[in-house]
Amino acid sequence: MSATYHHLRSSQTVQHTNGVERLPLSSSEGPMAMVVPVAPMQAGDDDGGIDHGVTKAPYERGFSPYDFNGGTVLAIAGDDFAVVAADTRMSSGYEILSRNVSKLHRVTPTCILGSGGCHTDIVELRKHLDIKMKMYHHNHKKDMSAQSVSQMLSNTLYYRRFFPFYAFNVLAGVDSEGKGCVYSYDAVGSFERCPASGKGSGQSFIIPLLDNVITHRNRKDPDRVLGSAEMVEIVKDAFVSAGERDIYTGDSVEIQVITKDGVTTTSFPLKKD
């Protein structure tokens, strides 16, 4: 590449022919000139510098009120119990902020909320729910049922639909009939009751396993009833698999088994990198 290319803005290369500014070009047949518009040089111009967008050309600065802190949550409904689990890693981009942050929150003695997304929004959502739980208990002298909690959570999320909580939730518990129940939500409160659900950064790795093993979709072999111990082992395998492919899932998984008598909590270590 000729040196002329690097100095096209230099005043020394400008030729004036009949009052027209021309830039010299070199070819195999000798020197030649081509008419091109040349911006007049102003005093103080840095003709050899690079515009980084700071002083010459304005550029847009972005800001987002949300941050995605990763993590994976899943819940499975059994005959008379429910299993809910989540990993304990909190990340931001490629940085691990904490290795021991619980994504599970006890709403009632038999109802657990699992949330993934923006940690600050999740904390704020939990505060809203706790206040409503206390008001309900004060007015009715009893805990809210799982069905009522599911509708109340949907209403709470929908009220914020124009500036929603950046939280993706699963609600697991035991309903008024003593059966395990799982409710799956989007960010603005749409929900459904389902046999199993997963949310968060590892959702795409968790859901196919749940569809195959738990809901038994597209399988011809007979389905069988799984106990809580078997489901806990399935949950462990699911998180180990998700942790291999998702950098936001790791460190450890917190597993809670919900029955009409209360909640049992266990943990299982995952890879740390």
Side-chain angles (χ1 to χ4, degrees), residues 63-77 82-93 95-108 111-136 144 146-173 181-194 196-207 210 235 238-239 242 246-256 258 263:
F63 168 77
S64 173
Y66 298 121
D67 187 19
F68 182 67
N69 297 123
T72 304
V73 182
L74 72 81
I76 306 172
V83 178
V84 59
D87 74 303
T88 60
R89 175 176 294 181
M90 185 174 74
S91 306
S92 180
E95 181 181 4
I96 296 177
L97 303 179
S98 177
R99 298 184 184 274
N100 191 28
V101 174
S102 177
K103 298 178 179 66
L104 304 180
H105 181 67
R106 183 175 299 191
V107 184
T108 70
C111 197
I112 303 294
L113 174 68
S115 306
C118 181
H119 181 67
T120 54
D121 277 13
I122 293 171
V123 171
E124 186 68 18
L125 175 60
R126 292 173 179 175
K127 291 180 180 178
H128 279 70
L129 299 180
D130 289 342
I131 291 172
K132 292 183 178 181
M133 291 296 103
K134 291 179 180 178
M135 293 174 61
Y136 183 90
M144 190 180 292
Q147 297 96 319
S148 299
V149 173
S150 67
Q151 185 62 58
M152 184 268 296
L153 175 57
S154 175
N155 295 343
T156 303
L157 295 172
Y158 186 72
Y159 289 156
R160 284 284 300 270
R161 63 191 179 277
F162 297 116
F163 189 21
F165 291 111
Y166 191 36
F168 303 94
N169 305 282
V170 291
L171 186 70
C181 58
V182 168
Y183 298 90
S184 180
Y185 294 80
D186 68 2
V188 293
S190 297
F191 75 107
E192 64 174 345
R193 183 168 179 171
C194 50
S197 179
K199 296 290 182 181
S201 57
Q203 176 183 3
S204 59
F205 307 110
I206 294 287
I207 292 296
L210 298 180
V235 167
F239 273 92
D246 179 30
I247 64 172
Y248 302 113
T249 301
D251 295 316
S252 64
V253 55
E254 182 183 10
I255 306 171
Q256 297 189 355
I258 311 165
V263 179

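Considering only heavy atoms from C-beta on, Q256 stays 4.5 Å or farther from V83 through its side chain. L129 places a side-chain heavy atom less than 4.5 Å from the side chain of T156. Residues S184 and K199 have side chains in contact (heavy-atom distance under 4.5 Å, counting atoms from C-beta outward). Looking at heavy atoms from C-beta onward, L153 lies out of side-chain contact with V107 at the 4.5 angstrom threshold. A 4.5 Å side-chain heavy-atom check between Y185 and L171 finds at least one atom pair inside the cut-off.
Panel note: side chain S150, backbone Q147; a donor-acceptor pair is recorded below 3.5 Å. Side chain of T108 to backbone of C111: a donor-acceptor contact under 3.5 angstrom is found. The backbone N or O of T88 sits nowhere less than 3.5 Å from a side-chain atom of D251 that would complete a donor-acceptor pair. The backbone N or O of G70 sits nowhere less than 3.5 Å from a side-chain atom of S201 that would complete a donor-acceptor pair. For the pair K103 (side chain) and D87 (backbone), a donor-acceptor distance under 3.5 Å is present. Between the side chain of S154 and the backbone N or O of S190, no donor-acceptor pair lies under 3.5 Å.
The aromatic ring centres of F165 and F163 sit 6.0 Å or more apart.
Geometrically, R160 does not engage Y158 in a cation-pi contact defined by less than 6.0 Å to the ring centre and at most 45° from the axis.
For the 3.5 Å distance criterion, the side chains of S102 and E254 qualify, holding a donor opposite an acceptor. A donor-acceptor pair shorter than 3.5 Å can be found between the side chains of H105 and D130. Side-chain atoms of N169 and S115 include a donor-acceptor pair closer than 3.5 Å.
Contact between D121 and P164 at its shortest, heavy atoms only, is OD2-O, 3.8 Å. The minimum heavy-atom distance between A242 and I206, with the atom names listed, is CB-CD1, 4.0 Å. The shortest heavy-atom contact between A167 and I122 is CB-CG1, 3.8 Å. The shortest heavy-atom contact between T72 and F239 is O-CE2, 3.5 Å. Nearest heavy-atom pair across L97 and S92 is CD1-CB, 3.8 Å. Among all heavy-atom pairs drawn from A82 and A172, the shortest one is CB-CB, 4.2 Å.
For Y66, the OH atom sits in a packed shell: over 12 heavy atoms of surrounding residues, nucleotides or ligands are nearer than 6.0 Å.
Below 30°, between 30° and 60°, or above 60°: for Y248 and F68 the angle between ring planes is above 60°, a perpendicular geometry. Ring geometry for Y166 versus F168: interplanar angle over 60°, hence perpendicular rather than tilted (30 to 60°).
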List the steps and the verdict of side chain to side chain contact (heavy atoms under 4.5 Å, CB included) for L113 and V149. CA-CA 10 Å; L113 174 68; V149 173; over 6 Å; no
CA sep, side-chain torsions, deciding dist, call: M152, Y136, side chain to side chain contact (heavy atoms under 4.5 Å, CB included): CA-CA 11 Å; M152 184 268 296; Y136 183 90; over 6 Å; no
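Between atom CZ of residue R89 and atom OG of residue S252 there is a gap of 9.5 Å, rounded to the nearest 0.5 Å. To the nearest 0.5 Å, the span separating SG on C118 from CG on D67 amounts to 6.0 Å. Taking OG1 from T249 and CD from Q203, the interatomic distance works out to 11.0 Å, rounded to the nearest 0.5 Å. Note that CG of L104 is 10.5 Å distant from CZ of R106, once rounded to the nearest 0.5 Å. Rounding to the nearest 0.5 angstrom, the gap separating the OG atom in S91 from the CG atom in N69 is 8.0 Å.
Checked against I76 for a side chain to side chain contact (heavy atoms under 4.5 Å, CB included), the options V170, V182, V84, V235 give a single hit: V235.
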